[in-house]
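Naming convention: chains lettered A, B, ... in sequence-line order (proteins, then strands); numbering from 1 in each chain.
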Amino acid sequence: MGLRLYNTMSSRMEEFAPLVDREVRMYACGPTVYDYGHIGNFRTFIAVDILRRYLKQSGYAVKHVMNITDVDDKIIRNAARDGVTVQQYTAKYEKAFLEDAAMIGIEQPTLVRATEHIRQMAEFVAKLEKKGIAYRTDDGSYYFRIAKFPQYGKLSKKDFSGMVDGARVDVDEYEKDSARDFALWKSPKPGEASWETVIGRGRPGWHLECSVMSMQELGESFDLHAGGEDLVFPHHENEIAQSESLTGKPFAHFWFHARFLLVEGEKMSKSLGNFFTLRDLVLKGHKPSSIRYLLTSVPYRNQLNFTFDGLRQAAVSVERLRNFRSRLETGKFADGSNDEMQALGKETEERMRAALDDDLNTAQAQAAIFEMVRRANIALDSGQLRSNDGPGLVSALNSFDEIFAVLKDDDLPKMRHVLDWAKADGREEQVSPELRDLLRSGQLPDAEIERKISDMKAARAARNFQLSDSIRGELTAAGILVEITKNDIRWRRK
RNA sequence: GGCGCGGUACCCAAGUGGUAAGGGAGAGGUCUGCAAAACCUUUAUGCGUCGGUUCGAUUCCGACCCGCGCCUCCA
């Protein structure tokens, strides 16, 4: 039993088998760094991250490459507008993107940048032109001649066979042989960035960069290519056309596409006022772990409705898991072992594996872990959980977290970092009271809290509940949650 | 218009030709000095609507209604 994935190319589920045994070469289309990343972007990147993590957990060596699109029309225009270089313009957003990705638990792939491959892209176009597949227009732009690639449309299932080739179609400023022919290389515009290359001055088309960089890093044929569903056409279709018409070999074997998310039931857009960057959400006081959890809770091929209610629910779910782990780690159990608990850990790991093998069904994997938590909590409550049972359950939790990455309680420092950024960036008015409130709990040092906790213990030993409660009140006000258990007091930050 | 996806309890959401995972919320309860955490009970004879196939359909087929995506660079 291995991983089965939906392949956009074949429109069906397929057994995933890499070209080279035990090694996966995958390429994911990354961000265009012209602004801060929004939650829609991160849904896709998290879906790819889940795939990457699960491949690793399944024993594959994963070579995962992602591009940073640091040159495109919008970037060039904005840079020209601001009077800075393309590099100066994108540096800020690339840095922000990488910080955000790390904040939300995305493992960093090997990064490749478009601006560092301009020469190779021009050479690629030159080769295509030599084969008669690319052609130059009077203004110095280059286009891909779709008529030369009969399979064009095979990924997006579009039929271009009825197209009349050679009929000259007028498309405002450019002269193309066919309206469908797409730009490989664009001629320079006055006042905007361009590069001098073997095919002349200009700038690369967007589709070209992914073909060139993926094949350079992973070879002419590789295992899997990922991106958001919107990239199926034309971006990925064009990559296939460019790459396969040049090499004559199959390009990527699996095509992995993440579905768009909705926000409060509607497509996210600035005009609807439901457009959120990751940083917007943190400034509203939402934890990165809540956001990650919510984004992983619906399988990647289903539409996910992102709501603030859902975000709060996700926070509670994560809390439940963290509480459970803390119970396991800090509790004292009688010696011995319990057969049911011994089996539970293994059973849960198997259920999670079966769920993820099934086209990364994250919802079912989560259901499996919660089932375990409930059953183990019952055993904990009744004293049936023994000292030898802990490790198996912790191991299942760890397997879960290798994929979902929400158990580590490091939200507050991450959120503080966003707060600092907001201050430095003049966005102080966007900082919500909720965020400020939350971050206060980080201000009391551990030693101070421990001291108050031992005061509480002393007061309780003397049955001075009034004093104990007032100390607890102070801690609660400072954002510290205090739990009194049978023979101990546990605390954590809100 | 062409191609594709989906409509499951108060909310989010998985799933199956044989009688509905999981999470959240609400209500009641157990435990507890109180609180928190945890646990228990409870909330869809029902899975958009209407037909059909079948011993049996939420699951397959058809029609319709509604939502969503792609169809010139938005993940």
Side-chain angles (χ1 to χ4, degrees), chain A residues 8 11 28-32 37-48 69 72-74 153 156-159 171 176 179-183 186 205-209 226-235 237-238 257-262 265-270 275 293-294 297-307 309-321 323-324 326-327 351 355 358 361-371 373-382 460 463-466 468-469 472-473 476 481-486 489-492:
Chain A
T8 308
S11 306
C29 289
T32 302
H38 56 71
I39 54 178
N41 295 318
F42 285 106
R43 188 208 185 175
T44 298
F45 297 130
I46 284 181
V48 175
T69 298
D72 86 327
D73 288 358
K74 204 176 297 185
S156 53
K157 313 293 179 291
K158 291 182 190 302
D159 185 5
V171 185
K176 297 195 272 185
R180 285 291 180 184
D181 288 354
F182 58 88
K186 298 178 181 183
W206 174 43
H207 315 302
L208 186 60
E209 73 174 83
E229 62 168 332
D230 59 318
L231 299 185
V232 174
F233 189 89
H235 184 55
E237 196 73 70
N238 290 354
H257 292 103
R259 191 99 199 255
F260 267 21
L261 58 68
L262 259 41
E266 296 186 280
K267 185 176 179 176
M268 181 166 66
S269 74
K270 286 183 176 164
F275 183 95
Y293 187 88
L294 178 57
S297 63
V298 177
Y300 75 97
R301 283 201 302 127
N302 292 0
Q303 202 163 55
L304 182 158
N305 186 13
F306 189 99
T307 65
D309 192 40
L311 205 45
R312 282 183 289 271
Q313 293 181 10
V316 180
S317 298
V318 170
E319 262 319 290
R320 184 165 158 84
L321 294 172
N323 276 337
F324 173 71
S326 149
R327 258 191 118 175
R351 282 182 62 188
D358 182 20
N361 192 329
T362 46
Q364 294 217 310
Q366 290 176 349
I369 204 76
F370 277 104
E371 172 97 21
V373 169
R374 201 190 78 249
R375 287 172 59 190
N377 268 324
I378 293 171
L380 275 162
D381 279 356
S382 66
R460 287 173 51 78
R463 301 199 60 81
N464 185 346
F465 293 119
Q466 209 170 7
S468 163
D469 287 354
R472 183 169 67 196
T476 305
L481 298 179
V482 179
E483 280 178 41
I484 296 166
T485 63
K486 265 202 177 59
I489 299 183
R490 232 179 9 226
W491 64 272
R492 62 198 151 84

Considering every strand and a 4.0 Å limit on heavy-atom distances, what is the contact class for [X]: base, sugar-phosphate, or nothing?
| X | result |
| --- | --- |
| A/His207 | nothing |
| A/Val316 | sugar-phosphate |
| A/Glu483 | base |
| A/Phe233 | sugar-phosphate |
| A/Pro299 | sugar-phosphate |
| A/Asn238 | nothing |
| A/Gly310 | nothing |

Distance check needed: [N] [atom2] versus [X] [atom1], whole Å only.
| X | N | atom1 | atom2 | answer |
| --- | --- | --- | --- | --- |
| A/Arg460 | B/A36 | CZ | C1' | 12 Å |
| A/Leu304 | B/C11 | CG | P | 17 Å |
| A/Asp230 | B/C73 | CG | P | 10 Å |
| A/Tyr300 | B/A13 | OH | P | 18 Å |
| A/Gln313 | B/C11 | CD | P | 11 Å |

Side-chain ion pair, A/Lys158 and A/Glu237, N-O less than 4.0 Å
no
Is A/Asp72 paired with A/Lys186 through a side-chain N to carboxylate O contact shorter than 4.0 Å?
no
Let's test this: given Watson-Crick or G-U wobble pairing with both distances under 3.5 Å, identify the partner of [N].
| N | answer |
| --- | --- |
| B/U59 | none |
| B/C64 | B/G48 |
| B/U54 | none |
| B/C39 | B/G29 |
| B/C70 | B/G2 |

Supply the atom-to-atom distance A/Leu208 CG to A/Asn238 CG, rounded to the nearest 0.5 angstrom.
10.5 Å
Compare the aromatic ring of A/Phe370 with the six-membered base ring of B/G22 and state whether they stack according to the 5.5 Å and 30° rule.
no
Between B/A75 and A/Phe260, is there a base-stacking contact, meaning the centre of the base's six-membered ring lies under 5.5 Å from the residue's ring centre while the planes stay under 30° apart?
yes
Considering only side-chain heavy atoms of [X], which listed nucleotide, [options], is closest?
| X | options | value |
| --- | --- | --- |
| A/Asn361 | B/A21, B/G15, B/A37 | B/G15 |
| A/Leu261 | B/A35, B/A75, B/G69 | B/A75 |
| A/Ile378 | B/A75, B/G33, B/C39 | B/C39 |
| A/Ala363 | B/G2, B/C68, B/A14 | B/A14 |
| A/Leu231 | B/A75, B/C5, B/C73 | B/A75 |
| A/Arg492 | B/C74, B/A37, B/A38 | B/A37 |
| A/Val298 | B/A13, B/G23, B/C71 | B/A13 |
| A/Gln364 | B/A14, B/C71, B/G69 | B/A14 |
| A/Lys267 | B/C34, B/A75, B/G69 | B/G69 |
| A/Trp206 | B/C39, B/A75, B/C73 | B/C73 |

In the structure I gave you, are the side-chain heavy atoms of [X] and [Y] within less than 4.5 Å of one another anywhere?
| X | Y | value |
| --- | --- | --- |
| A/Leu262 | A/Met268 | no |
| A/Glu209 | A/Thr69 | yes |
| A/Asn323 | A/Arg320 | no |

Counting only side-chain nitrogens and oxygens, does [X] get under 4.0 Å of the OP1 or OP2 atom of [N]?
| X | N | value |
| --- | --- | --- |
| A/Lys157 | B/C5 | no |
| A/Arg374 | B/C40 | yes |
| A/Arg320 | B/C39 | yes |
| A/Asn377 | B/A38 | no |
| A/Asn302 | B/A14 | yes |

Sole candidate of A/Thr44, A/Asp230, A/Thr8 that passes side chain to side chain donor-acceptor pair (under 3.5 Å) when paired with A/His257
A/Thr8
Answer with yes or no whether A/Arg259 presents, from its side chain, a donor or acceptor under 3.5 Å of a partner atom in the base of B/A75.
no
Quick one, A/Leu304 with A/Arg259, criterion side-chain contact (heavy atoms from CB on, under 4.5 Å). Give me CA distance, side-chain angles, the key distance, then yes/no.
CA-CA 8 Å; A/Leu304 182 158; A/Arg259 191 99 199 255; over 6 Å; no
